[in-house]
Amino acid sequence: MDIKITDYCTASNSSVGVSEAIKNMQSGDTLLFPTGEYHFYKDFSIHKVCHMTNTDSFKAPDKYFAIDIENKSDITIDGCGSTFVIHGDMCSLAMFNCNNIKLKNFTIKYNSPTNYEMKVIKKSINKITYKIPPQSLFYVKDNKLTFFEQSPFTKKNYYTYTANEECACNVIHRGNTVFRTVLSPTRTATKIKRIDIDTVECNYLISPKFKVGDVVTMSRNKLRDNSGLFFSECSNVDCENITVNYMHGFGWLSQMCENLNFKNISFTPAKNYTVSSFADLIHICGCKGYVNITDCFFEHPHDDAINVHGAFLRLKKIIDTNTAELEFVHRQQGGYKAFFPGNEVKIYRRSDLSELKDVYTVESTEDDIDNKCVKVRFKEALPPLKPGQFVFENITYNPELTISGCTFNAIPTRGILCTTDRPSKIFNNTFKNVLMPDIYISCDCKDWYESGPCRNLEIFNNTFSKKDAVKLEPICVNKPVKDVHRNIKIYDNKIGE
């Protein structure tokens, strides 16, 4: 059955009505948004406590969602070309435990993006004038520049961000040339003065080495408190014809999902803005089945365009012959069930990423999500293992990855990070203005703990941005063994002009 959202709400304040419509949806239903601009306010959004990996979720477990879809099967969300405008620092759309879902034909736009942009319009040896996008509200007080977004209902701020103190990760956008910088428009300013509704003048002893026309973008990367879009334990999800102007907190994160299609997704900033995401664009952690990313467009994120990986959990304790206590290590890792009964697991030495020969089958788990630990009982007896020296990978949750027909432009870090041992293909893509490797293949049991080895990967018919476009860099405590990655074929690619 087709359901019109206008039977539940007005476009000017859609939060409550959309939540009610989704709750009432049954298998086979399609929720239609007659073409228009629908506004979602944090005041009326869904609030819940949950965790998202690769964010600072354990610092900020309270999450807010404009659109929240839970425990649904066989439904479609059709935007009919509409724009969803998000007011506040929240996740625009989330799905939990859903199956056979179609999302299509809409744009995600944030009213006031939480990457803060300052364009250099005038410069001298000790003074720079910056222009700020019109929807980014700010004030100057006590020689500090603070950005904020305010609720039109309570007149209280959804968030505040003091640029002088909280700039942890800045990127310069010089046309389509983008790169990270330690320089800040405000940190060394001796005087900050507002000279117009959208203009700030900063005085310095010596001006930072920005150029006229540069857009300096800042994020509070010390606190990734949410994701822009989020899928958790979902299966058979098709996303098509979606434009994303911006995502707050991180990017489009899918964790522990199965069978994901992303087709004709365009990550491109809204008018008057430069940045399309707080951090990554598409981020896949611990997914299985297939992940297909086709005919998509990626530009101007604050971090990587695509990152597909699993998770290494470090051995914390041997409980008995068949049971081990494992832990997520990195501060931005964890917050989810990493193993399910029947899953297959491999064990690797942290010293050199060599793998033990056997595969172990999960019999049962006892999760302690808040403490980022899990006790896993295996059907097979474990070999002698020393805590801290081994990592475990759930190889069931490694996807077959296909990335094809995509364009990557103006990326300040990597175009694609790929670590999966399933047969995968990256082909017919174009990479332009990517600062770091176009394709980065790691497997890391020391820093980020993002698994795993690539064992069947083909990279062909791509147009790369540089000669050293593909980089293999396994990361472990000492020196990695030579065969961490196997059967990688790179052929018939070319370097762009």
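All figures in this text were calculated on a predicted structure; none of them were measured in a lab. Starting from 1, each residue takes its place in the sequence as its number.
- Using cut-offs of 30° and 60° on the angle between ring planes, the pair F84 and Y38 is perpendicular.
- Other residues, nucleotides and ligands contribute more than 12 heavy atoms inside 6.0 Å of the NZ atom of K123.
- In this structure, CD1 in I403 is found 10.0 Å from CG in N292, a value given to the nearest 0.5 Å.
- Taking every heavy atom of both residues into account, I369 and F58 meet most closely at O-CE2, 3.4 Å.
- Across all their heavy atoms, C443 and P453 have their closest contact at SG-N, 3.5 Å.
- In this structure, D303 pairs ionically with R180, as a charged nitrogen and a carboxylate oxygen lie closer than 4.0 Å.
- The environment of NZ in K191 is sparse: at most 12 heavy-atom neighbours from other residues, nucleotides or ligands sit within 6.0 Å.
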request  = Go through the steps to decide whether V244 and T107 satisfy the test side chain to side chain contact (heavy atoms under 4.5 Å, CB included), and finish with yes or no.
outcome  = CA-CA 6 Å; V244 178; T107 294; over 6 Å; no

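- In this structure, E70 pairs ionically with K48, as a charged nitrogen and a carboxylate oxygen lie closer than 4.0 Å.
- Taking I75 as the reference, M25, I69, K72, I101 meet the side chain to side chain contact (heavy atoms under 4.5 Å, CB included) condition, with sequence neighbours excluded.
- Between E327 and R314, at least one side-chain N (NZ, or NE/NH1/NH2) sits under 4.0 Å from a carboxylate O, which counts as a salt bridge.
- Taking F460 as the reference, F427, Y491 meet the ring-ring contact (aromatic ring centres under 6.0 Å, His included) condition, with sequence neighbours excluded.
- Residues F148 and Y158 keep their aromatic ring centres 6.0 Å or farther apart.
- Salt bridge absent: R224 and D56 never bring a charged side-chain N and a carboxylate O closer than 4.0 Å.
- Taking the six-membered ring where the residue is Trp, H39 and H87 present tilted rings, their angle falling between 30° and 60°.
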task = Using the ring-ring contact (aromatic ring centres under 6.0 Å, His included) rule, take H47 and Y64 through it: C-alpha gap first, then chi angles, then the decisive distance, then the call.
result = CA-CA 5 Å; H47 168 259; Y64 293 85; 4.9 Å; yes

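- Within a 6.0 Å radius of NZ in K59, other residues, nucleotides and ligands contribute more than 12 heavy atoms.
- The shortest heavy-atom contact between N126 and L205 is CB-O, 3.9 Å.
- Between F408 and F431, the ring-plane angle classifies as parallel under the 30° and 60° cut-offs.
- The aromatic rings of H283 and H309 stand perpendicular to each other, their planes meeting at an angle above 60°, with 30° marking the opposite boundary.
- With respect to the salt-bridge test (charged N to carboxylate O, under 4.0 angstrom), the residues K42 and D89 qualify.
- Using a 4.0 Å cut-off between charged side-chain N and carboxylate O, K466 and D438 make a salt bridge.
- By the neighbour-count criterion of 12 heavy atoms within 6.0 Å, atom NZ of K109 is sparsely surrounded, having that number or fewer from other residues, nucleotides or ligands.
- A ring pair (Phe, Tyr, Trp, His ring centres under 6.0 Å) with F230 holds for exactly one of F96, F65, Y336; it is F96.
- When ring centroids are compared, F278 and H248 come within the 6.0 Å threshold.
- By the 4.5 Å heavy-atom criterion applied to side chains, D444 and F312 are not counted as neighbours.
- Ring orientation note: the planes of W252 and F262 are nearly perpendicular, at an angle over 60° on the 30°/60° scale.
- The two atoms that bring T53 and F250 nearest to each other are O-CE2, 4.5 Å, heavy atoms only.
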